[in-house]
Number of protein chains: 2
Amino acid sequence: MKHIRYDLKSSSPCHCLNIRRASRAVTQFYEKVLEPSGLKVTQYSLLRNLERVESVSMSALAKTMRIDRTTLNRNIKPLMNAGLIMVNSGEDSRSRHVMLTDAGKAALVNAWALWGEAQTLLEEYLGVEELDVFEKLLSKLEALTR
Amino acid sequence: MKHIRYDLKSSSPCHCLNIRRASRAVTQFYEKVLEPSGLKVTQYSLLRNLERVESVSMSALAKTMRIDRTTLNRNIKPLMNAGLIMVNSGEDSRSRHVMLTDAGKAALVNAWALWGEAQTLLEEYLGVEELDVFEKLLSKLEALTR
DNA sequence: CCCAAAAACGTGTATATACACTTATTATTT
DNA sequence: AAATAATAAGTGTATATACACGTTTTTGGG
């Protein structure tokens with residue numbers, strides 16, 4: 001197998017640490033821009049995924065969002081407390097269905113513009129070509145554990 | 001400004017979510033390989049950063065590792081409880097200095113081999129060229145918030 | 001129809017992350 | 001030397017993440 005050199009810009013040789021750090025940086029960047037909305041980027045994402053469906057079961061939502069089911073279970077709490085989403089039990093009495101409230105829809109309108117700002121700023125920061133490579137890489141990496 | 005198309009592989013348009021997802025996938029991959037060592041990748045990283053210094057203050061360590069100082073403060077707890085590191089107060093009585101214990105050094109030997117496996121597997125998964133692009137991108141992104 | 005397997009969730013526990021505040025100590029300025 | 005700045009840490013609080021387990025229903029044979 002070929003030998004890999006470690007003389008890259010990043011000071012850590014560990015690819016895992018490097019992506020974790022980059023992820024933190026990008027997250028902090030988005031959070032700062034989203035701050036006036038009162039939503040975290042994860043919360044914005046959750047609401048956004050509810051926008052186009054009437055209601056959706058916990059498991060289905062977790063699958064769509066590609067996050068752990070139990071993580072979703074914790075993440076919906078603050079949004080419920082803020083009155084942005086509602087949870088009802090569906091026909092199948094095992095499942096619970098999540099849906100946006102009117103307040104949730106309103107919050108999304110506000111946050112959407114802010115998210116767009118962050119998104120555009122990042123796109124300008126990377127540039128079209130790097131952005132393309134970036135997204136392809138992320139997609140490939142996400143498939144690593146499947 | 002140029003219009004960016006969203007017809008990439010990744011199903012989410014949000015770059016922040018995408019890197020967070022990729023980060024989770026890579027993390028889970030490394031964690032699984034590191035599992036026999038009893039160390040998380042973050043913990044391995046922390047120990048690793050202590051390997052080449054006698055002892056180091058909390059702030060200096062946080063800076064080197066490029067993690068939040070208060071995050072480091074929480075992250076050292078499990079390693080202290082496991083007896084892998086020690087914390088003493090330095091000359092300056094404001095500061096606390098962290099150092100590896102013998103158990104910590106021993107744990108590192110074991111974990112190092114496992115980390116190497118994960119690292120190699122990821123490198124093979126991406127290939128040399130993509131890996132290079134990957135690391136350059138991460139480095140650039142990390143600089144986003146500075 | 002009954003029972004075992006599968007599906008859908010929730011909880012306990014533990015780690016990771018980071019902002020806002022506070023405290024203690026050292027360094028600087030007047 | 002006293003007052004003020006800056007430095008080094010810790011804590012409160014809140015969110016995010018995910019593994020291991022347990023519970024409740026529903027389904028699918030037999």
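Only heavy atoms go into these numbers, but all of them, side chains included; no hydrogens, no water, no symmetry mates. Proteins get letters first, then strands, A, B, ... in listed order; numbering begins at 1 in each. For clarity, every value in this text was computed on a predicted model and none was experimentally measured.
Atom CZ in B:Arg94 sits roughly 5 Å away from atom C1' in D:dT7 (whole-Å rounding). Look at CZ on A:Phe29: it is 21 Å from P on C:dT17, rounded to the nearest Å. Between B:Lys63 atom NZ and D:dT7 atom C1' there is a gap of 12 Å when expressed in whole angstrom units. Rounded to a whole Å, the CD atom of A:Glu31 is 16 Å from the P atom of D:dA14. Atom CZ in B:Arg24 sits roughly 20 Å away from atom P in C:dT15 (whole-Å rounding). Atom CG in B:Asn73 sits roughly 12 Å away from atom C1' in C:dT17 (whole-Å rounding).
Considering only heavy atoms from C-beta on, B:Lys40 stays 4.5 Å or farther from B:Tyr30 through its side chain. Taking 4.5 Å as the limit, some side-chain heavy atom of B:Arg21 sits within range of a side-chain heavy atom of B:Ser12.
Of the candidate nucleotides C:dA18, D:dA9, C:dT17, D:dA9 has the atom nearest to the side chain of B:Met58. Picking from D:dT26, D:dT15, D:dT11 the nucleotide with the shortest atom distance to the side chain of B:Arg74 gives D:dT11.
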Before giving the answer on side-chain contact (heavy atoms from CB on, under 4.5 Å), spell out for B:Thr27 and B:Arg24 the whole-Å C-alpha distance, their side-chain angles and the decisive distance to 0.1 Å.
CA-CA 5 Å; B:Thr27 298; B:Arg24 288 200 298 270; 5.6 Å; no

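Checking C:dA8 for Watson-Crick or G-U wobble geometry (two distances, each under 3.5 Å) identifies D:dT23 as its partner. The nucleotide D:dA5 finds no pairing partner, because no Watson-Crick or G-U wobble arrangement with both distances shorter than 3.5 Å includes it.
Residue contacts for A:Thr71: at a heavy-atom cut-off of 4.0 Å it reaches a base atom on one of the strands shown.
Using modelled atom types, no side-chain atom of A:Ser45 and backbone atom of A:Val41 make a donor-acceptor pair closer than 3.5 Å.
With a glycosidic angle more than 90° from 0, C:dA24 adopts the anti conformation.
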